[in-house]
Amino acid sequence: MSETIMNGENRLRVNNVRKMRGFIAFAAGMAGLLFGLDIGVISGALPFITTHFDLTSRLQEWVVSAMMFGAALGAISTGWISFRLGRKTSLMSGATLFILGSLGSAFAPNVQVLLISRVLLGFAVGIASYVAPLYLSEMAAKEDRGKLISMYQMMVTIGILAAFLSDTAFSYSGNWRMMLGVISIPAFLLMVSVFGLPDSPRWLASKGMFVKAKEILCKLSTTDDEAEAELAEINESLRVKQEGWGLFKSNKNVRRAVYLGMLLQAMQQFTGMNVILYYAPQIFKSAGFANTEQQMIATVICGLTNVLATLIAMKTVDKSGRKPILKVGFAGIAFGTFLLGVCLYMINAGFNAGWISFVAVLMTLFTITSFAMSAGPVVWILCSEIQPLKSRDFGVACSTTTNWIVNMIIGATFLTLINSFGIAVTFWIYTVLNISFVVLTILLIPETKGISLEQIEKNLMDGKPLKDIGV
Ligand code: BGC
């Protein structure tokens with residue numbers, strides 16, 4: 001009889017843990033969705049905004065890059081907010097800025113207000129891209145940490161696709177204000193869901209709130225013993241006295257983790273994925289997708305490929321691990337960009353056989369797939385896993401800011417590269433970079449699947465080589 005009651009209680013607890021984890025995944029997923037919506041929305045809205053405000057090409061560039069600029073600023077400053085006030089408060093400030101930025105852009109009476117709103121939105125994107133993976137890494141069970149952060153990345157790709165579809169829907173009426181304003185709806189949903197989120201037990205413990213930390217760990221674990229053991233591990237990593245910048249200056253191992261995070265994000269951006277996404281419509285055009293409707297189909301195909309290939313990462317990242325899929329991904333991007341370069345070289349040299357354009361389209365999709373199943377999610381996963389607790393905010397701020405700064409550099413140099421070297425050589429530059437990333441992955445990147453954040457930290461602080469801190 002009493003065993004039956006125990007079993008019943010246990011089942012109830014397991015159910016509650018599952019619900020709680022589901023809710024956490026949903027809220028962080030909303031942050032990912034908004035990240036994707038905001039990076040995806042502007043391409044469809046820009047032509048209408050340009051006509052409305054009679055923008056010069058310089059101002060058009062500003063409207064696009066104001067968001068990247070805001071994102072870099074947001075990522076740097078969130079380090080402080082997230083460290084002092086916690087992950088939950090940071091997500092809340094992100095949600096508020098998403099709402100303000102979307103409504104500000106939608107109702108902008110002039111280009112100045114639009115630019116300020118775009119910086120605010122960027123700030124929100126910077127916060128979301130910083131806090132959501134970090135929060136998920138701290139809330140997840142070690143066995144499915146990778147899957148959870150890949151799910152967040154999948155929401156980013158769904159956001160990019162959804163932005164395109166909504167842009168298309170509003171393009172018939174030319175209503176750019178609706179394109180930008182409609183994003184305030186998921187932003188509002190994010191805000192409401194953040195209210196119900198628990199704060200991260202790791203952050204709470206780092207601020208000395210052990211009782212609260214234990215309470216949340218109990219809600220996330222199926223037994224009290226499991227929660228106790230996790231809290232003990234967290235306490236162990238809090239024995240280091242210094243924090244953040246101080247720890248970075250004084251501790252070589254912390255510096256190694258910070259540089260590794262920055263390198264990973266630079267690698268992700270230098271794969272050239274955003275260039276491929278940007279250039280894809282042209283490639284499809286040369287393959288005969290010439291009219292507006294066919295171009296739209298082409299963009300949907302790229303967006304869907306991006307979403308579906310992220311599913312591969314979700315399925316494999318906690319089983320075969322981070323490192324193998326990173327190697328396969330970088331090698332795939334190298335292969336794809338190489339052949340894409342060959343096709344574009346041939347097309348530009350006047351060979352206009354249909355199969356060349358067909359191979360170019362195939363290689364575009366192959367490159368997108370290679371990125372989405374590897375560096376897309378895995379870099380965000382690794383960056384939130386490798387930083388020691390006491391300097392986690394500082395480390396993740398450095399890596400996320402690197403992502404946005406390199407993203408800006410890639411955007412700003414892309415046209416110059418094409419004008420100076422031609423499109424084929426531009427893609428071959430990315431081929432060489434991706435080959436070198438396979439080597440860097442072998443030499444430097446750790447395998448962190450199924451290992452607790454505290455064990456990774458212990459290995460790092462014990463001075464193990466970077467590639468072995470997950471072993
Ligand atoms: C990258 C973005 C990219 C997106 C594409 C993210 O992981 O950080 O720069 O646009 O993936 O899906």
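Start at 1 and go down the list; that is how both ligands and their atoms are numbered.
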* So does Arg87 pair up with Asp393, basic N to acidic O under 4.0 Å? -> yes

* Asked: Can you list, by chain and residue number, every protein residue with a non-hydrogen atom closer than 4.0 Å to ligand 1?
  -> Ile39, Gln153, Thr157, Ile160, Gln268, Gln269, Asn274, Asn306, Phe371, Gly376, Trp380, Asn403, Asn407

* Check whether the side chains of Gln265 and Thr402 place a donor and an acceptor atom closer than 3.5 Å, and report yes or no. => no

* Structure fact -> Quick note, side-chain hydrogen bond (donor to acceptor under 3.5 Å, both in side chains) partners involving residues 91-105, not counting sequence neighbours, are none

* **Test: Glu143 and Lys449 ion pair at under 4.0 Å** => no

* **Arg145: partners by salt bridge (Lys or Arg N to Asp or Glu O under 4.0 Å), with sequence neighbours left out** => Glu385

* Structure fact -> Across all chains, not counting sequence neighbours, the side chain to side chain donor-acceptor pair (under 3.5 Å) partners of Asn306 are none

